[in-house]
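Worksheet for the structure shown next.
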Amino acid sequence: MKIISHAGFTNPSFLFVSYELPALTVRKPQLVSTSSLCISSYNEKRHRLMIRSHCSATGRTLSSNSTDLHLSKEDKFNRKREQATSASLYTHPSLLQMKNERIANRTRVYEFLRSNGVVPDELDGLELPVTIEVMQERVDFLHKLGLTIEDINNYPLLLDCSVKKNMIPVLDYLGKLGVRKSTFTEFLHRYPQVLHASVEVDLAPVVKYLQGMDIKPDDVPRVLEKYPEVLGFKLEGTMSTSVAYLIGIGEARREIGGVLTKYPEILGMRVGQGIKPFVEYLESLGIPRLAVARLIEKRPHILGFGLEEQVKPNLKSLLDYHVRQTSLAIVIAQYPEIIGIDLETKLLNQQGFLNSIIGLAPDKFGRVVEKMPQIVSLGDRAIVKHVDFLKECGFSSEQVKKMVVGCPQLLALNTDIMKHSYDYFETTMGRPLDDLIMFPAFFTYGLESTIKPRHKMFAKKGVKCSLAWLLNCSDEKFEERMNYDSMDVEEMEMESSFDFNTLLEPRMTSPLIMRMIVMTSIYRMSGHGVAVSTRQRLLRRIWIFCQIK
């Protein structure tokens, strides 16, 4: 303790005294009476001991209660924090210990998976459950979905999916859309990655896009069941370009929804590598581009036929079996599936069978395929049944062969209907069998709708004509012929072949077809208590609408 100053006070009984304290202690100056300087030696020693104890080294433990009274709040806080830090070095594990514990946990999980037949090699680097119980829960849940250990090994990343955070939300969303639970197993077989997806970020936008393509809400789950991989596509990628290309070649925008519903795999096809080469190759065969678009509209699955693996080899096989190059386009237009089936085997078997049944020569087999390419897929029993029917009618094997070459459809018609038509031909029309040999397509016309009405009208006229002249024309053309004074032989039409115009016609329902649809609807309404006046009024309004061009 030092006396700093004693001057400047008028009262000599007080001195201004300042203690020289350690740097860690802040003390205010005090006014001390001169009388207090007379401190006993005992008290002075005790006071100095207190000051020295307060200025001792940081971190030393003070046990005296009297000493704690002189510590500031900041000193007490720092001392407690240092004590806690010192204790934490002994209560928390080190980074090395934590690393070793993680390795031990992963080893135990791997052993558990291997004991169940799972190969966990591809799981390195993933955050797996630290306990066997959690991993057991995931494996059991996948088993409940119908997946086997083999399925898990094919895509082991399934084990990285949390049951509560990943699997259940995704499956609940698919179920709410209408995807059947019975299809979940096959769904996950084809696209297990869906369990990693986010409902809001990944799945919902794709579903919204499909609905924007005019796919009906009820058809969306069927589309997903047919092609679950669509849930992994980007909206601005392959899906949009394939749809845009189809519209560009003539596909109607309003028909896209139906096309995608029938064959959603189109959404995953690349235009430059798949769709465009296929379309251009069919064009090179003589099929107009718009006709190709209509074929795809009716049978979109033909886009899935490999151009190099299936289409071109099949067309070569047709040429090998005496189908003419100029007829390839007509064959494809009539039966598009012919370019994607195992054609070589079918052609070989069918040619040999027809040769054994009716003695059909190879070159004549080519003509048969041109007129009815579906014959390559016709069963042997059906062929035998129809051949036997024709022979029962009195035709020889040679005559049957000639009739089949002229109209191969005879081998695919309903034999009961054919029998009724033949009975009318024999009993009422009274024509010779040679007429049927010359025009076997007689069996392809409706008995009540065409054959009977025309025969009665022509019988009243009292003239004779061939079956081809009588039947092979439209209703409008037949009415014109009924007004002729004499039959013009030059107007006799040969059997018509396939016409591409049937594919190029505008998409609109003719008044006749519309009338048939309306009449059918009215007939159905009659069974549901709809008043006659209401049905007539509805018919009149729709019929007037159909006449508007």
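Below, each value reflects all heavy atoms present in this structure, side chains not excepted, and no hydrogens, waters or symmetry copies.
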Acceptor/donor pairs from residues 171-182 side chains to any protein atom, 3.5 angstrom cut, sequence neighbours excluded:
unit_1, atom_1, unit_2, atom_2, d
Arg180, NE, Glu225, OE1, 3.3
Arg180, NE, Glu225, OE2, 3.1
Arg180, NH2, Glu225, OE1, 2.5

Separation between [atom1] of [X] and [atom2] of [Y], rounded to the nearest 0.5 Å:
| X | Y | atom1 | atom2 | result |
| --- | --- | --- | --- | --- |
| Ile275 | Ile296 | CD1 | CD1 | 7.5 Å |
| Arg294 | Leu290 | CZ | CG | 4.5 Å |
| Leu145 | Leu147 | CG | CG | 6.0 Å |
| Leu224 | Arg190 | CG | CZ | 11.0 Å |
| Gln409 | Met372 | CD | CE | 6.0 Å |
| Asn153 | Thr148 | CG | OG1 | 8.5 Å |

Is the closest side-chain heavy-atom distance between [X] and [Y] below 4.5 Å?
| X | Y | answer |
| --- | --- | --- |
| Leu195 | Leu142 | yes |
| Gln374 | Ile338 | no |
| Leu318 | Leu315 | yes |
| Glu479 | Cys473 | no |
| Leu210 | Leu260 | no |
| Leu285 | Leu282 | yes |
| Val220 | Thr261 | no |
| Tyr281 | Ile287 | no |

Tell me, please, which residues at least two apart from [X] pass salt bridge (Lys or Arg N to Asp or Glu O under 4.0 Å).
| X | value |
| --- | --- |
| Glu426 | none |
| Asp423 | Lys419 |
| Glu283 | Arg289 |

Identify each donor-acceptor pair in which a side-chain atom of residues 355-368 lies under 3.5 Å from a protein atom, sequence neighbours left out, and give them as a table.
unit_1, atom_1, unit_2, atom_2, d
Ser356, OG, Gly352, O, 3.4
Ser356, OG, Phe353, O, 2.6
Arg367, NE, Glu370, OE1, 3.4
Arg367, NH1, Asp363, O, 3.4
Arg367, NH2, His322, O, 2.7
Arg367, NH2, Glu370, OE2, 3.1

If you take all heavy atoms of [X] and [Y], which pair is closest and at what distance?
| X | Y | result |
| --- | --- | --- |
| Glu251 | Ala293 | OE1-O, 3.0 Å |
| Ser377 | Tyr335 | OG-OH, 3.0 Å |
| Gln350 | Leu378 | NE2-O, 2.9 Å |
| Met429 | Phe425 | CB-O, 3.4 Å |
| Pro336 | Ala333 | CD-O, 4.1 Å |
| Val243 | Met213 | CG1-SD, 3.7 Å |

Side chain of [X], backbone of [Y]: donor and acceptor closer than 3.5 Å?
| X | Y | value |
| --- | --- | --- |
| Asn349 | Thr345 | yes |
| Ser396 | Gln399 | yes |
| Gln351 | Tyr321 | no |
| His386 | Leu390 | no |

**OP:** Would you list the pairs meeting side chain to side chain donor-acceptor pair (under 3.5 Å) in which at least one residue belongs to residues 303-317, sequence neighbours left out?
**Re:**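 Of all non-adjacent pairs touching residues 303-317, those that pass side chain to side chain donor-acceptor pair (under 3.5 Å) are Glu308-Lys312, Lys316-Asp320, Ser317-Glu344.
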
Original post:
Is there a side chain to side chain contact (heavy atoms under 4.5 Å, CB included) between Leu354 and Leu411 once you walk through the steps?
Top reply: CA-CA 11 Å; Leu354 289 174; Leu411 300 178; 4.3 Å; yes

**OP:** Evaluate the criterion side chain to side chain contact (heavy atoms under 4.5 Å, CB included) for residue pair Leu157 and Gln193; output intermediate values, then yes/no.
**Re:** CA-CA 8 Å; Leu157 296 182; Gln193 296 90 333; over 6 Å; no

Subject >> Result of checking Val369, Ile330, Leu347 against Val323 for side chain to side chain contact (heavy atoms under 4.5 Å, CB included) >> reply: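 Between Val323 and the candidates, side chain to side chain contact (heavy atoms under 4.5 Å, CB included) is satisfied uniquely by Val369.
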
Sort and list the pairs that fulfil salt bridge (charged side-chain N to carboxylate O under 4.0 Å, His left out) and have at least one residue in [range], not counting sequence neighbours.
| range | result |
| --- | --- |
| residues 372-400 | Glu398-Lys401 |
| residues 405-414 | none |
| residues 205-215 | Asp214-Arg253 |

Within the supplied structure, the quantity of interest is the number of heavy atoms (other residues, nucleotides, ligands) at a distance under 6.0 Å from [X] [atom1]; does it exceed 12?
| X | atom1 | value |
| --- | --- | --- |
| Lys276 | NZ | no |
| Lys226 | NZ | yes |
| His420 | NE2 | no |

**OP:** Show the numbers, then the answer: is there a side chain to side chain contact (heavy atoms under 4.5 Å, CB included) between Lys262 and His301?
**Re:** CA-CA 8 Å; Lys262 295 176 184 176; His301 62 273; over 6 Å; no

Original post:
Which pairs count as ring-ring contact (aromatic ring centres under 6.0 Å, His included) when at least one residue sits in residues 207-230, sequence neighbours excluded?
Top reply: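 Non-adjacent pairs meeting ring-ring contact (aromatic ring centres under 6.0 Å, His included): Tyr227-Phe233.
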
Original post:
Which residue pairs pass the ring-ring contact (aromatic ring centres under 6.0 Å, His included) test when at least one of the two sits in residues 243-267, sequence neighbours left out?
Top reply: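 Non-adjacent pairs meeting ring-ring contact (aromatic ring centres under 6.0 Å, His included): zero.
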
**OP:** Determine, stepwise, if the pair Trp469 / Phe458 fulfils ring-ring contact (aromatic ring centres under 6.0 Å, His included).
**Re:** CA-CA 11 Å; Trp469 198 91; Phe458 207 81; 5.6 Å; yes

Let me check something: any side-chain donor-acceptor pairs from residues 433-452 under 3.5 Å, sequence neighbours excluded? List them with distances.
unit_1, atom_1, unit_2, atom_2, d
Asp435, OD2, Arg431, NH1, 3.1
Thr444, OG1, Ala441, O, 2.5
Tyr445, OH, Asn472, OD1, 3.4
Glu448, OE2, Lys452, NZ, 2.9

**OP:** Kindly assign one of parallel, tilted or perpendicular to the pair Tyr155 and His196, based on the angle between their ring planes and the thresholds 30° and 60°.
**Re:**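 The arrangement is perpendicular - the two ring planes meet at more than 60°.
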
